[in-house]
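The structure appears right after this line, and notes come after that.
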Amino acid sequence: MGSPWRSGEAKTRYGADRIGVFVGTSTSGIGATEHAYRQRDPLTGKLPASFDYRHTHNVFSVADFTRQWLGLTGVALAISTACSSSAKAFASAWRHMRAGFCDAAVVGGVDSLCLTTLYGFNALGLASSRPCRPWDIERDGLTVGEAAGFVLLEWAKPEDQRVLLLGYGESSDAHHMTAAHPEGAGAALAMQQALARAAVAPEQVDYINLHGTATPLNDAAEDRAVLRVFGPATPCSSTKGWTGHTLGAAGITEAIFVALCLEHGLIPGILNTHQRDPALGAGVVLENQERPLRLALSNSFGFGGTNCSLLFGRSSA
Amino acid sequence: MKPLAVESIGLLAPGLSGWAASREVLIGARAHAAEPLPVAIATLLPANERRRTTVTIKLALQVAQEAMAEAAGDARTVSAVFASSGGDSEILDKICTALTQPDRPVSPTHFHQSVHNTPAGYWSIATSCRQPSLSLSAYDHSFATGLSEAAALAWAEAAQVLLVAYDLPLPFPLAERRHIVAPFAVALLLNPVSTERRQALIRLRRLPAGPVDRLDDPGLERLRADNPAARGLPLLCAIARRAAGLVMLPAGEDAALQVEVER
């Protein structure tokens with residue numbers, strides 16, 4: 001996994017048509033449509049002439065812009081599976097590379113603040129009135145955030161001293177459109193598959209970056225899933241206390257956090273969480289801890305019961 | 001490149017009422033007539049869920065259901081790819097309209113149905129399927145892009161994958177900025193292992209942009225040109241003919257997807 005500024009050099013190396021673009025987003029640019037609906041012609045109901053559906057609201061627009069901006073002509077798609085979108089972008093990129101549809105991939109995620117998500121999460125009673133407090137006994141909902149992030153995904157070479165994507169796991173809850181499976185069955189399956197793909201045992205994992213949205217039910221379900229797969233000893237935390245829930249960009253944001261944690265040897269604490277919910281048993285870490293890490297997992301779950309776990313590691317070179 | 005078996009197909013569009021019933025039109029034995037879209041019932045969904053679902057969800061699930069019924073396989077073992085240019089624009093229109101009103105009364109049901117992976121979520125609930133699914137968009141190239149993703153998924157997981165591509169006309173006023181005339185939905189069940197039951201074997205190859213296939217039947221060609229999900233129609237026609245052939249599908253501004261079809 002390299003840095004985005006390598007993409008110019010990568011384009012020369014692979015060819016513009018051999019680098020794929022995989023961008024996760026939940027709402028894309030729906031904010032532009034919200035704005036246009038407030039400016040409809042009072043007589044005809046028409047949208048203002050300036051409104052450009054294709055390049056703002058349409059789900060693909062984020063991937064299309066990325067592709068054009070970087071001058072890439074390979075396969076390009078937007079992955080939109082709510083809050084697991086940009087985690088699943090890694091899985092899709094990996095598969096496309098393995099199938100030979102591309103040799104490298106720009107993997108990213110973008111979601112910006114919009115009224116749809118702010119009012120939508122409020123309507124569902126899932127938004128907190130305060131900055132969110134994952135795993136806290138008083139947690140009462142998520143905080144909507146916004147973010148964008150990109151990485152360049154390439155096949156690792158023996159001499160690489162970089163962070164490696166070692167495995168991914170994906171599953172569906174088959175339970176409910178908005179509520180997580182109460183036992184975290186799908187979440188556990190995703191984590192197990194990520195470990196299995198990398199042939200890694202649970203006790204080898206040094207840190208788990210939780211999905212940890214801070215809604216009472218989501219954290220409880222993820223806690224059960226983590227306990228089932230890892231037990232109570234594996235250090236874990238949710239960085240959403242720092243960023244809020246960046247929705248379709250949460251997967252890429254937290255994948256980059258995990259990469260930085262692996263590089264720098266840091267287990268980040270949870271901002272604003274003061275008293276751990278005694279009903280939850282996973283080994284959450286509230287204060288930053290500095291220690292060398294070799295393997296770390298990142299969880300992303302979304303509406304529709306879509307789950308994705310990514311396992312990253314430091315190369316041993 | 002490794003071949004994939006197309007095990008079964010579900011199809012629903014004006015004048016194309018199911019895969020078996022559409023064969024005569026697809027092989028050119030009968031002209032396409034733009035009859036109104038048959039009602040998609042999606043009986044797979046429990047009645048209480050079906051009551052709340054939209055035309056988009058029902059259309060996607062109907063073709064998925066048809067393809068699975070034809071294959072007589074266990075849907076719980078099948079991964080899925082849902083490809084749609086714009087998702088459920090009826091729901092997005094309702095939310096954006098609500099946001100112009102005092103107190104912005106967004107319906108919680110509309111909000112959870114606004115995500116692009118809503119049909120995937122309902123499909124997994126209806127079939128008790130815990131396998132992975134991916135929901136994607138590539139604007140006008142969503143069908144071929146979905147087919148590549150489904151193939152990559154089938155090979156990576158060594159598992160059957162159901163590709164569902166669907167797009168519907170947008171409501172006013174969005175319809176003025178995105179022109180889709182008729183609804184279209186298709187589902188292909190892909191198997192990395194070939195079986196006797198297969199409809200066809202396909203091999204995919206990404207090529208630089210070039211001329212893509214068009215259709216002789218003016219009705220089918222209109223459907224193809226007007227709806228991103230219907231861009232796969234030349235492939236469906238080739239499979240229906242039960243003969244070997246090469247199909248070129250639009251796969252991007254700079255790319256085409258060559259599909260080699262054999263019986």
Side-chain angles (χ1 to χ4, degrees), chain A residues 17 26-27 30 33-34 36-38 40 45-47 51-54 57-61 63-64 73-82 88 91-92 94-96 98-101 115-116 119-125 170-178 185-186 189 302-306, chain B residues 1 76 79-80 84-87 92 95-100 104-108 110-118 120-122 124-125 127-139 142 145 148-149 151-153 155-156 172-174 176-178 204 206 208 251-255:
Chain A
D17 61 332
S26 175
T27 53
I30 197 175
T33 305
E34 295 171 358
Y37 268 61
R38 291 197 294 277
R40 286 172 74 167
K46 285 171 184 282
L47 297 168
F51 173 61
D52 180 354
Y53 166 83
R54 177 176 184 172
H57 176 165
N58 184 267
V59 178
F60 184 57
S61 62
D64 197 25
T73 59
V75 62
L77 57 147
I79 289 131
S80 190
T81 56
K88 287 172 82 77
S92 177
W94 173 315
R95 286 192 286 268
H96 275 78
R98 235 188 99 177
F101 290 127
L115 297 176
T116 299
Y119 283 84
F121 280 120
N122 269 299
L124 283 167
E170 297 171 280
S171 71
S172 306
D173 270 358
H175 172 66
H176 191 271
M177 279 303 292
T178 55
L189 197 59
F303 275 5
T306 162
Chain B
M1 181 157 282
R76 286 172 302 180
S79 302
S84 172
S85 163
L92 300 170
I95 289 174
C96 289
T97 302
L99 288 171
T100 65
R104 298 169 171 158
V106 172
S107 144
H110 290 161
F111 178 57
H112 84 240
Q113 290 178 339
S114 72
V115 293
H116 200 63
N117 59 314
T118 298
Y122 279 107
S124 103
I125 293 168
T127 57
S128 302
C129 177
R130 291 222 167 118
Q131 299 301 314
S133 74
L134 195 91
S135 301
L136 64 88
S137 167
Y139 202 64
S142 297
T145 306
S148 307
E149 169 68 33
L153 182 59
W155 291 321
F172 178 85
L174 288 170
E176 298 197 320
R177 303 306 164 87
R178 176 58 160 155
L204 309 181
R206 243 185 105 80
E253 297 294 322
D254 315 288

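Note that this is a predicted model, so its numbers are computed, not measured. The sequence lines fix the lettering, A, B, ..., with proteins before strands; numbering per chain opens at 1.
Between chain B and the residues A/Glu170, A/Lys46, A/Arg95, the most heavy-atom pairs under 4.5 angstrom are made by A/Arg95. In terms of heavy-atom pairs under 4.5 Å with chain A, the best-connected choice from B/Ser85, B/Ala80, B/Ala251 is B/Ser85. Residue with the most contacts toward chain B among A/Lys88, A/Arg38, A/His176, A/Arg98: A/Lys88 (heavy-atom pairs, distance under 4.5 Å). Of the listed residues (B/Gln113, B/His112, B/Gln131), the greatest number of heavy-atom pairs within a distance under 4.5 Å of chain A belongs to B/His112. Residue with the most contacts toward chain A among B/Thr145, B/Leu99, B/Val115, B/Leu204: B/Leu99 (heavy-atom pairs, distance under 4.5 Å). Your options are B/Gly252, B/Gly121, B/Ala138, B/Ala151, and the one with the most heavy-atom pairs under 4.5 Å with chain A is B/Ala138. Between chain A and the options B/Cys96, B/Ala156, B/Ser124, B/Ser79, heavy-atom pairs under 4.5 Å are most frequent for B/Cys96.
With a 4.5 Å cut-off on non-hydrogen atoms, B/Glu176 touches chain A through its side chain but not through its backbone. Contacts of A/Arg54 with chain B are made by both backbone and side-chain atoms, with heavy-atom separations under 4.5 Å. If you measure heavy-atom distances from A/Asp17 to chain B, you find no contacts under 4.5 Å at all. Heavy-atom distances place both the backbone and the side chain of A/Ser171 under 4.5 Å from chain B. For A/His96, the parts lying under 4.5 angstrom from a heavy atom of chain B are both the backbone and the side chain. Interface remark: A/Ala63 contributes no atoms to any contact with chain B (heavy atom separation under 4.5 Å). Looking at B/Val106, both its backbone and its side chain come within 4.5 Å of chain A, counting heavy atoms on both sides. Using a 4.5 Å cut-off between heavy atoms, B/Thr97 touches chain A through backbone and side chain atoms alike. Proximity to chain B (any heavy atom under 4.5 Å) is restricted, for A/Thr306, to the side chain, taken from C-beta onward. The part of A/Leu189 that comes within reach of chain B is its side chain, from C-beta onward, which places non-hydrogen atoms under 4.5 angstrom from that chain.
Checked against salt bridge (charged side-chain N to carboxylate O under 4.0 Å, His left out), B/Arg104 has no partners two or more places apart in sequence or in another chain.
Shortest non-hydrogen contact noted between A/Gly74 and B/Arg206 is C-NH2, 3.3 Å. Closest approach of B/Gly86 to A/Asn58, counting heavy atoms only: CA-ND2, 4.0 Å. A pairwise comparison of heavy atoms in B/Cys129 and A/Ser172 identifies O-CB, 3.6 Å as the closest pair. Here the closest non-hydrogen pair linking A/Ala99 and B/Trp155 is CB-CE3, 3.8 Å. Of all heavy-atom pairs between A/Leu77 and B/Glu149, the closest is CD1-OE1, 4.3 Å. Nearest heavy-atom pair, B/Asn117 versus A/Ala82, reported as atom, atom and distance to 0.1 Å: OD1-N, 3.5 Å.
A distance-only check finds no donor-acceptor pair linking the side chain of A/Ser80 to the backbone of B/Ser135 [under 3.5 Å]. Without hydrogens or angle criteria, B/Arg177 side chain to A/Leu47 main chain gives a donor-acceptor distance under 3.5 Å.
Side-chain contact check for A/Tyr119 versus B/Ile95: every heavy-atom pair is 4.5 Å or farther apart. For the pair A/His57 and B/Leu92, the minimum side-chain heavy-atom distance is below 4.5 Å. Counting heavy atoms from C-beta on, the side chains of A/Tyr37 and B/Pro173 come closer than 4.5 Å. Between B/Leu174 and A/Thr33, the closest side-chain pair of non-hydrogen atoms falls below 4.5 Å. At a threshold of 4.5 Å between non-hydrogen side-chain atoms, the residues A/Thr81 and B/Ser133 do not count as touching.
Ring geometry for B/Phe111 against A/Phe303 counts as perpendicular: the plane angle is over 60°, on a 0 to 90° scale with 30° as the lower cut.
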